[in-house]
Amino acid sequence: MLEDETAVVDVRGTPVRVLGSTLWTDCRLYGRPEFHGRLVERALNDSRFIRGADGVTDGPGGFTASEAARRHEDSRAFLARELGAPHADPTIVVRHHLASLRGIAARYSDGPVNAGFASNRDDLLAMGAALLRTYACRASVSRCLRHARNL
């Protein structure tokens with residue numbers, strides 16, 4: 001598992017850089033992070049089952065939207081730094097949460113809980129696209145590496 005970490009793996013003789021990050025959401029998707037943060041805390045199991053920064057809970061309800069937002073910022077900085085670093089070979093970005101509203105299925109496009117699944121990080125997607133050979137995957141590393149076989 002990679003959490004704000006980089007690994008280089010050999011894919012048929014090509015060094016492929018893999019950037020791994022959960023990319024927790026910051027609940028800013030719709031511009032009301034406090035409101036959507038409270039909604040996400042009530043609607044998703046994350047606040048009940050994920051340990052907070054203190055190793056037990058980040059407050060009375062467990063993992064909180066503010067903890068996710070802090071971790072989101074750490075991941076955003078990591079990905080921006082790594083995507084900005086020179087690397088001539090292909091790069092795969094593996095993350096758990098969606099990096100853009102554009103990744104949400106049309107039938108869920110107005111869902112208020114989307115703020116718990118996606119962030120507006122089109123800036124990071126643009127950085128990756130500028131590298132020409134960057135693949136963003138919301139899946140396992142093995143599935144992403146299958147995409148890299150077409151390099």
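Each residue takes its place number in the sequence, starting with 1.
What you find for Leu83 and Leu124 is that their closest heavy atoms are CD1-O, 3.7 Å. Residues Pro90 and Thr14 approach most closely at CD-CG2, 3.7 Å, considering heavy atoms. The two atoms that bring Pro112 and Leu39 nearest to each other are CB-CD2, 3.4 Å, heavy atoms only. Taking both residues in full, the closest heavy atoms of Ala80 and Met127 are given as O-CE, 3.2 Å, listed atom of the first, atom of the second, then distance. Here the shortest heavy-atom pairing between Ser75 and Glu3 reads OG-OE2, 4.3 Å. For Asn120 against Leu29, the heavy-atom pair with the smallest separation is N-CD1, 4.0 Å.
Using a 4.5 Å heavy-atom threshold, the side chains of Thr6 and Phe78 count as touching. Put simply, the side chain of Asp26 reaches to within 4.5 Å of the side chain of Arg121, judged on heavy atoms. The side-chain heavy atoms of Val94 and Leu2, taken from C-beta on, include no pair separated by under 4.5 Å. In this structure, the side chains of Val8 and Val18 stay at 4.5 Å or more apart for every pair of heavy atoms. Within the 4.5 Å cutoff, the side chain of Val93 has heavy atoms near those of the Leu79 side chain. Side-chain contact between Arg102 and Leu125 is present, with heavy atoms from C-beta onward closer than 4.5 Å. Side-chain contact between Trp24 and Asp74 is absent, with no heavy atoms from C-beta onward closer than 4.5 Å.
Salt-bridge check for Glu41 with Arg38: failed, with every basic side-chain N at 4.0 Å or more from each acidic carboxylate O. Taking a cutoff of 4.0 Å between a charged side-chain nitrogen and a carboxylate oxygen, Glu73 and Arg76 qualify as a salt bridge.
Between the His72 side chain and the Ala68 main chain, no donor and acceptor come within less than 3.5 Å of each other. Not a single donor-acceptor pair under 3.5 Å links the side chain of Asp46 to the backbone N or O of Phe63. The closest donor-acceptor contact from the side chain of Ser100 to the backbone of Asp122 lies at 3.5 Å or more, if one exists at all.
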Evaluate the criterion side-chain contact (heavy atoms from CB on, under 4.5 Å) for residue pair Leu19 and Thr91; output intermediate values, then yes/no.
CA-CA 7 Å; Leu19 309 180; Thr91 297; 4.0 Å; yes
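Because its NZ or CZ atom is both nearer than 6.0 Å to the ring centre of Phe35 and within 45° of the ring axis, Arg32 counts as a cation-pi partner of that residue.
Taken to the nearest 0.5 Å, the CG atom of Leu98 stands 10.0 Å off from the OG1 atom of Thr25. Ser119 OG to Leu101 CG: the interatomic distance, rounded to the nearest 0.5 Å, is 10.5 Å. The structure places CG of Asp4 at 9.5 Å from CD of Glu82, a figure rounded to the nearest 0.5 Å.
Side chains of Ser21 and Arg95: a donor-acceptor N/O pair is absent below 3.5 angstrom, by distance only.
Between Phe117 and His97, the distance from one ring center to the other does not fall under 6.0 angstrom.
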